[in-house]
Amino acid sequence: MVTDELVTDASTSGVSRRGLLQAVGVGSGAGVMFATMGALGLAPTAVAQPRADAWTPPRGSDFTLTGRSAKKVVVVGAGPAGLATAYELQKAGYRVTVLEARHRPGGRTLTIRGGDSETDVDGVTQTARFADGVYMNAGAGRIAQWMVTMDYLRELGVPYEVFTNANADAYLYNERSGATPGNPVRYRTAKADVFGYTSELLHHATDQGALDARLTADDKENLREFLRGWGSLKADGTYAGGANRGYEVYPSAWNAHGTPLPGPGSVSEVLASRVGQYFPFELNWEQSMLMFQPKGGMDTTYEYFVRAIGRQHVHFSSPVTGVENTGGGVRVTYTPPHGRARQVEADFAVVTAPAGLMRRWDTNWGPETDAALGEFAVGSPAGKIGLQYRSRFWEDDHRIYGGITETDMDLAHVWYPSYGYGERKGLVVGYYNTGANARAYADLTPRERERRAVAQGVKIHGEKYRTELESSFSIAWHKVPYVEGAWAYPDTTSSGFQHLQQGSGNVYFAGDWMSEVSAWQHGAFWSARYAVQALHARVMAG
């Protein structure tokens with residue numbers, strides 16, 4: 001092809017991209033011009049497909065260059081995947097309509113503030129009685145700094161702040177391993193003991209020749225030096241505690257050297273406490289600090305998305321009941337607020353609803369697509385409760401500013417707020433649990449959930465955990481209408497997953513469940529990008 005020859009000449013003779021395009025443009029059609037731009041990396045080629053390491057956003061100039069007109073796309077769902085899809089398509093000139101079943105954007109990035117009401121699938125309604133400025137992130141609550149979510153925060157201008165995912169002064173409380181009410185262990189103390197004794201054992205193994213087959217003499221000395229620092233060992237390689245465990249009374253001045261904590265228990269006692277199971281968490285590639293959150297609540301991001309897209313293009317309380325491929329595109333059936341079912345026709349649809357809900361719709365995408373959706377149809381149960389307190393006693397009395405207390409009780413995790421430090425009131429996430437524990441709490445009334453969570457939390461924090469409580473709000477994600485679960489665990493190597501990646505007719509799919517990083521906004525955003533990229537490449541191919 002002439003285009004290939006020109007590109008080859010440009011790469012070998014130093015012809016500028018601009019000069020090349022001017023040469024191609026003389027006497028050439030828009031299609032030749034566009035293909036040349038694609039070969040130069042300035043526009044997607046007609047046969048472009050999403051790659052696992054690339055994102056090529058569509059641009060309005062793509063249509064100008066090819067003489068094609070922008071298409072109309074219906075996006076089902078105003079969660080992260082849906083709004084990112086609409087946002088990226090609209091920036092390129094596509095006409096978008098977003099249909100959202102719930103009354104607000106964000107999907108599982110749900111933030112509860114004072115006055116918010118939610119009614120679950122059982123008809124139980126809760127209304128939050130939180131003070132101004134107090135909120136609960138009922139779903140997504142944190143963002144790792146490497147995630148693409150941060151790119152959208154910056155692009156949209158969303159203000160954000162640090163989320164404290166690990167705090168040395170938070171607690172660990174393993175009741176099944178011997179912890180007793182009123183005696184939680186600080187995270188720093190538990191870590192010091194586990195690391196100390198592990199280092200001691202490895203130090204002794206090195207001295208006794210157990211590692212001779214693997215390590216040289218220099219290797220062993222380097223390892224011993226590391227272990228002495230890592231585990232705070234004495235010169236002889238033994239662990240006896242130290243300042244890194246924390247203090248009963250911290251040092252101050254005038255020879256007030258502080259009161260160290262009593263020495264650690266035996267190695268057997270430390271291992272039996274099973275506190276070491278929590279420490280890999282902060283090293284996890286998804287969870288390592290720093291992490292962030294939008295100021296004012298996680299759903300703030302999606303209000304910014306709606307503003308950027310245009311509120312007139314996003315229709316809330318409009319559940320979809322049917323998606324059908326037609327000869328010229330798609331037909332989507334939905335019910336607007338206080339109205340009869342309507343239909344909207346478009347060239348394409350991108351569906352970001354939970355897979356289980358889609359299987360209940362009227363569709364004609366066939367049994368293969370339906371079966372593939374079935375792989376992701378059951379969302380994991382998960383639940384949270386927000387407990388508002390009249391005082392921030394965890395800061396005043398426990399010196400805990402943000403972070404998470406881990407337990408082996410049915411609470412699982414207790415989150416302290418990473419905002420509002422030093423203010424009078426605050427909100428603790430009293431449990432964040434999954435699986436059987438989440439189902440057990442979900443089967444209770446909201447007031448019963450509160451009583452159960454508080455009774456457990458008192459064991460860790462003392463009576464103020466009960467007496468300072470003002471109000472609560474709880475969520476059970478498998479009982480939230482139009483969501484009905486927290487997240488799915490996709491097998492991204494399955495034939496069903498690969499089938500859904502190709503779409504079905506004029507319908508494409510996106511959502512965190514369509515990604516390698518399920519349960520994160522990052523995964524939802526990348527799935528949206530790939531759906532957009534695949535759709536756009538198809539449009540450009542004519």
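Predicted model, so just to flag it, every value in this text is computed and none were measured.
- Within the model, atoms CZ of Phe376 and CE of Met358 stand 10.5 Å from one another, a figure rounded to the nearest 0.5 Å.
- Checked by atom type and distance alone, the side chain of Glu448 pairs as donor or acceptor with a backbone atom of Thr445 at under 3.5 Å.
- At least one side-chain heavy atom of Glu118 sits under 4.5 Å from a side-chain heavy atom of Arg104.
- Here the CG-CG distance, from Leu261 to Asn244, works out to 10.0 Å after rounding to the nearest 0.5 Å.
- Rounding to the nearest 0.5 Å gives a distance of 11.5 Å between OG1 of Thr300 and CG of Leu156.
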inquiry  = ring-ring contact (aromatic ring centres under 6.0 Å, His included), that's the test. Do Tyr278 and Phe281 meet it? Break it down for me.
reply    = CA-CA 6 Å; Tyr278 299 115; Phe281 170 80; 9.2 Å; no

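- Looking at Val98, Val76, Val75 one by one, the single match for side chain to side chain contact (heavy atoms under 4.5 Å, CB included) with Thr85 turns out to be Val75.
- No side-chain donor from either of Glu100 and His315 sits under 3.5 Å from a side-chain acceptor of the other.
- The one candidate from Lys191, Arg399, Arg188 that meets the salt bridge (charged side-chain N to carboxylate O under 4.0 Å, His left out) condition with Asp169 is Arg188.
- Arg224 and Thr206 share no donor-acceptor pair across their side chains, judged by distance under 3.5 Å alone.
- Heavy atoms only, all atoms of each residue included: Ala131 and Lys425 are closest at CB-CD, 4.1 Å.
- When the shell of 6.0 Å around CZ of Arg274 is examined, it contains 12 or fewer heavy atoms from other residues, nucleotides or ligands.
- Between Tyr247 and Tyr250, the gap from one ring centroid to the other is short of 6.0 Å.
- Residues Glu282 and Ala166 come closest through the heavy atom pair CB-CB, 4.3 Å.
- For Tyr416 and His461, the ring centers are positioned less than 6.0 Å apart.
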task = Check the pair Tyr171, His398 against ring-ring contact (aromatic ring centres under 6.0 Å, His included), reporting the backbone distance first and the verdict last.
result = CA-CA 10 Å; Tyr171 290 123; His398 299 263; 5.7 Å; yes

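- With Tyr419 contributing its side chain and Tyr135 its backbone, the two residues share a donor-acceptor pair below 3.5 Å.
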request  = Tell me, with the steps shown, if Glu484 and Lys479 meet salt bridge (Lys or Arg N to Asp or Glu O under 4.0 Å).
outcome  = CA-CA 5 Å; Glu484 300 183 16; Lys479 291 192 174 188; over 6 Å; no

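- A heavy-atom distance below 4.5 Å is found between the side chains of Leu211 and Leu223.
- Of all heavy-atom pairs spanning Asn167 and Gly403, the tightest one is CB-CA, 3.8 Å.
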inquiry  = Between Gln521 and Tyr302, does the side-chain hydrogen bond (donor to acceptor under 3.5 Å, both in side chains) criterion hold? Intermediate values first, please.
reply    = CA-CA 11 Å; Gln521 296 167 86; Tyr302 302 97; 2.5 Å; yes

inquiry  = If you apply the rule salt bridge (Lys or Arg N to Asp or Glu O under 4.0 Å), what do you find for Lys234 with Glu200, and how did you get there?
reply    = CA-CA 9 Å; Lys234 295 164 52 177; Glu200 177 184 288; over 6 Å; no

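- No side-chain heavy atom of His413 sits less than 4.5 Å from a side-chain heavy atom of Thr407.
- Aromatic pair Tyr197/Tyr239: ring centres closer than 6.0 Å.
- Between Trp487 and Trp520, the gap from one ring centroid to the other reaches at least 6.0 Å.
- Test Leu110, Ile475, Ile112 against Lys384 for side chain to side chain contact (heavy atoms under 4.5 Å, CB included) and you get one pass: Ile475.
- Under the 6.0 Å cut-off for aromatic ring centres, Phe195 and Phe279 qualify, their centroids lying closer than that.
- When the shell of 6.0 Å around CG of Asp132 is examined, it contains 12 or fewer heavy atoms from other residues, nucleotides or ligands.
- Side chain of Asn137 to main chain of Met298: a donor-acceptor pair is present (N/O by atom type, distance under 3.5 Å, no hydrogens or angles).
- Aromatic pair Phe497/Trp513: centroids not less than 6.0 angstrom apart.
- Annotation for Pro294 and Val158: closest pair CB-CG1, 3.9 Å, computed over non-hydrogen atoms.
- To the nearest 0.5 angstrom, Leu283 atom CG is 13.0 Å from Met289 atom CE.
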key: ring-ring contact (aromatic ring centres under 6.0 Å, His included) assessment of Phe525 paired with Trp55   = CA-CA 11 Å; Phe525 286 144; Trp55 159 236; over 10 Å; no

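- Using a 4.5 Å heavy-atom cutoff, the side chains of Leu83 and Pro105 are in contact.
- From Ser472, atom OG reaches atom CG of Leu427 across 9.5 Å, with rounding to the nearest 0.5 Å.
- Enclosure of atom CH2 in Trp230 is not indicated, since only 12 or fewer non-hydrogen atoms of other residues, nucleotides or ligands lie within 6.0 angstrom.
- Taking the six-membered ring where tryptophan is involved, the planes of Tyr87 and Tyr152 are perpendicular, since the angle between them exceeds 60° and thus also 30°.
- Taking every heavy atom of both residues into account, Ala272 and Ser177 meet most closely at O-CB, 3.4 Å.
- A donor-acceptor pair is defined here as one N or O able to donate and one able to accept, closer than 3.5 Å; no such pair exists between the side chain of Arg108 and the backbone of Gly139.
- The closest donor-acceptor contact from the side chain of Thr259 to the backbone of Glu248 lies at 3.5 Å or more, if one exists at all.
- Identified under the side chain to side chain donor-acceptor pair (under 3.5 Å) test for residues 426-442, with sequence neighbours left out: Asp410-Tyr441.
- Using a 4.5 Å heavy-atom threshold, the side chains of Tyr421 and Tyr401 count as touching.
- For Thr189 (side chain) and Arg245 (main-chain N/O), a donor-acceptor pair under 3.5 Å exists by modelled atom type.
- Taking the six-membered ring where tryptophan is involved, the planes of Tyr389 and Tyr465 are tilted, since the angle between them lies from 30° to 60°.
- Side chain to side chain, Thr125 and Thr119 meet the donor-acceptor criterion of an N or O pair below 3.5 Å.
- A donor-acceptor contact shorter than 3.5 Å is absent between the side chain of Arg228 and the backbone of Thr238.
- Contact record, Pro417 with Arg392: CG-NH2, 3.6 Å, taken as the closest heavy-atom pair.
- Side-chain contact, Asp512 with Ser515: no donor N or O sits under 3.5 Å from an acceptor N or O.
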inquiry  = Apply salt bridge (Lys or Arg N to Asp or Glu O under 4.0 Å) to residues Asp207 and Lys220 and explain how you reach the verdict.
reply    = CA-CA 8 Å; Asp207 287 343; Lys220 288 191 288 185; over 6 Å; no

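- The closest donor-acceptor contact from the side chain of Trp477 to the backbone of Ser380 lies at 3.5 Å or more, if one exists at all.
- Between Met150 atom CE and Leu290 atom CG the span is 9.5 Å, to the nearest 0.5 Å.
- When atom types are taken as modelled, the side chain of Asp408 and the backbone of Glu175 share a donor-acceptor pair closer than 3.5 angstrom.
- A donor-acceptor distance shorter than 3.5 angstrom exists from the side chain of Asn174 to the backbone of Ser273, with no hydrogens or angles considered.
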